[in-house]
Amino acid sequence: MRIAVAGGTGTVGRHVVESLRAAGHEPIVLTRSTGVDLMSGDGLAAVLRGADAVVDVTSVGTSAGSVSERFFRTVTTNLLAAEEVAGVPHHLALSIVGAAQIGAAYYAGKRIQEELVMAAEGRWTIARATQFHEFIFQIMPPGTVGPLQLVPTIVAQPIAAAEAGAIIARIAVAGPAGLTPDIAGPKAERFADLIRRYLRATGSRRPVLQVPFPGVWGRSLRDGSLLPTGTAILGTQTFDEWLHAVTSAASSTR
């Protein structure tokens, strides 16, 4: 199958691409370097001709609701329109567990994305995943304040990006499925604990301070709204197993 991947160079997207290729499929990464601009739509219809599916695993580096809404509305609208022109029979969007119900800050854009995809009658799949183990690398830099490591209070059930990518690749190949079961890791965790373990494993004694964010956004991060519901598709690699793999790989390259 020929499957286009928007966001195919990102944290989970590269694993989607690798998994598709390993299974004998032809992944097409949609990037500016290949003449595709997701925000303007330039080049999309041409590259999607003959594609069997489009996987959207794009993301935007912001916590501002207005920025997230604009990004996901624009990218999703452009992808769906180009797919219709090119006759692509399947659109798979990666969303976030709990995002549609919360609809605040970054999740405001994910809710809009889901609404737009669900309107594409008969040819869509939405796969909601929990945060990735790799999410610690996104929240650590802005939380480094003097000698302290500040971490928002987050309760989630993180999954390794590689496992999530492999699951998403299988779902893409299977064809339109509507809303799939949630995708999650094997164990619920607090992100402050994860970062504390990462710092210790990398030789840092930086104190970690957990900080509850205010408002709907902050409450949803800590009250269990990000945990999977129902019968979820679970990965098997725990955070500690992932951490061991990451630190061992880093040591071997020194």
Exercise. More than 12 heavy atoms of other residues, nucleotides or ligands under 6.0 Å from CD of Gln101: is that the case?
Worked result: yes

Exercise. For the side chain of Thr76 and the backbone of Arg73, is there at least one donor-acceptor N/O pair under 3.5 Å apart?
Worked result: no

Exercise. Are the side chain of Arg14 and the backbone of Gly8 linked by a donor-acceptor contact shorter than 3.5 Å?
Worked result: no

For this session: Using a 4.5 Å cut-off on heavy atoms from C-beta on, say whether the side chain of Ile233 contacts that of Pro181.
Result: yes

Problem set entry | Residue pair Leu199, Arg205: steps toward the side-chain contact (heavy atoms from CB on, under 4.5 Å) verdict | CA-CA 7 Å; Leu199 290 172; Arg205 295 294 169 182; over 6 Å; no

For this session: Verify the cluster assignment for Val246 and Ile139: are they in a single hydrophobic cluster under the rule of side-chain heavy atoms below 4.5 Å apart?
Result: yes

Problem set entry | Sidechain-backbone polar pair: Gln210 side chain, Val151 backbone, donor-acceptor under 3.5 Å | no

For this session: Step by step, work out the ring pair (Phe, Tyr, Trp, His ring centres under 6.0 Å) result for Tyr106 and Phe72.
Result: CA-CA 10 Å; Tyr106 183 82; Phe72 285 108; 5.7 Å; yes

For this session: Quick one: closest heavy-atom pair of Ala156 and Phe191, and the distance?
Result: CB-CE1, 3.8 Å

For this session: Kindly say whether Ala104 contributes a backbone atom to a donor-acceptor pair with the side chain of Arg111 at under 3.5 angstrom?
Result: no

Exercise. Judged by modelled atom types alone, do Thr236 and Glu163 share a side-chain donor-acceptor pair under 3.5 Å?
Worked result: yes

Problem set entry | Ile159 vs Gln157, side-chain contact (heavy atoms from CB on, under 4.5 Å): CA-CA, chis, key distance, verdict | CA-CA 7 Å; Ile159 182 171; Gln157 195 163 321; over 6 Å; no

Exercise. Linking I/L/V/M/F/W/Y whenever any side-chain heavy atoms sit under 4.5 Å apart, do Leu80 and Trp124 land together?
Worked result: no

Exercise. When you check the side-chain N and O atoms of Asp56 and Gln113, is any donor under 3.5 Å from an acceptor?
Worked result: yes

Problem set entry | Polar side chain donor-acceptor pair, Thr11 to Glu134, under 3.5 angstrom | no

Exercise. Going by heavy atoms in the side chains, are Gln149 and Thr144 under 4.5 Å from each other?
Worked result: yes

Problem set entry | Considering all heavy atoms, the nearest Ala127-Thr180 contact | CA-OG1, 3.5 Å

For this session: Could you check if a side-chain atom of Leu44 sits within less than 4.5 angstrom of a side-chain atom of Glu83, using non-hydrogen atoms only?
Result: no

Seminar exercise, completed: Between the CZ atom in Arg128 and the CD atom in Glu114, the distance rounded to the nearest 0.5 Å is 4.0 Å

For this session: Answer yes or no: does atom CZ of Arg222 have more than 12 heavy-atom neighbours from other residues, nucleotides or ligands under 6.0 Å?
Result: yes

For this session: With the side chain counted from C-beta on, respond yes when Met140 and Arg206 share a heavy-atom pair under 4.5 Å apart, and no when they do not.
Result: no

Exercise. Between the main-chain N or O of Gln237 and the side-chain N or O of His133, is there a donor-acceptor pair closer than 3.5 Å?
Worked result: yes

For this session: With rounding to the nearest 0.5 Å, note down the distance linking CG in Leu221 to OH in Tyr107.
Result: 6.0 Å

Exercise. Would you find a donor on one side and an acceptor on the other, under 3.5 Å apart, between the side chain of Thr34 and the backbone of Thr31?
Worked result: yes

Seminar exercise, completed: Looking only at heavy atoms, the pair that brings Gly13 and Val5 closest together is O-CG1, 4.4 Å

For this session: Please check if Leu79 and Val55 belong to a single hydrophobic cluster, counting links between Ile, Leu, Val, Met, Phe, Trp and Tyr side chain heavy atoms closer than 4.5 Å.
Result: no

Problem set entry | Basic-acidic side-chain contact under 4.0 Å: Asp37, Arg32 | yes

Exercise. Should Pro228 and Thr130 count as side-chain neighbours, where that means a heavy-atom distance under 4.5 Å?
Worked result: yes

For this session: Return the minimal non-hydrogen interatomic distance between Ile102 and Ser225, and the atom names on each side.
Result: CD1-CB, 3.9 Å

For this session: Identify the heavy atoms of Ala201 and Thr247 that sit nearest to each other, and give their distance.
Result: CB-CG2, 4.2 Å

Problem set entry | Residues Thr202 and Ser204: side-chain donor-acceptor under 3.5 angstrom | no

Exercise. Between Ser63 (side chain) and Ala105 (backbone), is there a donor-acceptor pair under 3.5 Å?
Worked result: no

For this session: Fit a plane to each ring of Phe137 and Trp242, take the angle between them on a 0 to 90° scale, and name the class: parallel (under 30°), tilted (30 to 60°) or perpendicular (over 60°).
Result: tilted

For this session: Using atom types as modelled and distance alone, determine if a side-chain donor or acceptor of Ser19 lies under 3.5 Å from a backbone N or O of His15.
Result: yes

Exercise. What is the distance from atom CD1 of Ile3 to atom CG of Leu48, rounded to the nearest 0.5 Å?
Worked result: 12.5 Å

Exercise. Do the side chains of Ile183 and Leu92 join up, straight or via other hydrophobic residues, at under 4.5 Å, putting them in one cluster?
Worked result: yes

For this session: For the residue pair Asp240 and Thr238, confirm or rule out a side-chain donor-acceptor distance under 3.5 Å.
Result: no

Problem set entry | Gap between atom CZ of Arg190 and atom CZ of Arg196 - 0.5 Å precision | 10.5 Å

Exercise. In Å and rounded to the nearest 0.5 Å, what is the CD1 to CD distance from Ile126 to Glu115?
Worked result: 9.5 Å

Exercise. Which heavy-atom pair separates Ala86 from Ala45 by the least distance, and what is that distance?
Worked result: CB-O, 3.9 Å

Exercise. Between the main-chain N or O of Leu38 and the side-chain N or O of Asn78, is there a donor-acceptor pair closer than 3.5 Å?
Worked result: yes

For this session: Kindly work out whether a path of hydrophobic side-chain contacts (I/L/V/M/F/W/Y, heavy atoms less than 4.5 Å apart) joins Ile154 to Leu150.
Result: no

Exercise. Does the His90 side chain pair with the main chain of Ala172, one donor and one acceptor, at a distance under 3.5 Å?
Worked result: yes

For this session: With side-chain contact (heavy atoms from CB on, under 4.5 Å) as the test, would you mind laying out the steps for Leu243 and Leu194 before giving the verdict?
Result: CA-CA 9 Å; Leu243 177 58; Leu194 303 186; over 6 Å; no

Problem set entry | CZ-CD1 distance between Arg70 and Ile112, expressed to the nearest 0.5 angstrom | 11.0 Å

For this session: Could you check Leu116 against Thr77 for side-chain contact (heavy atoms from CB on, under 4.5 Å), going step by step and ending with a plain yes or no?
Result: CA-CA 7 Å; Leu116 291 170; Thr77 298; 3.8 Å; yes

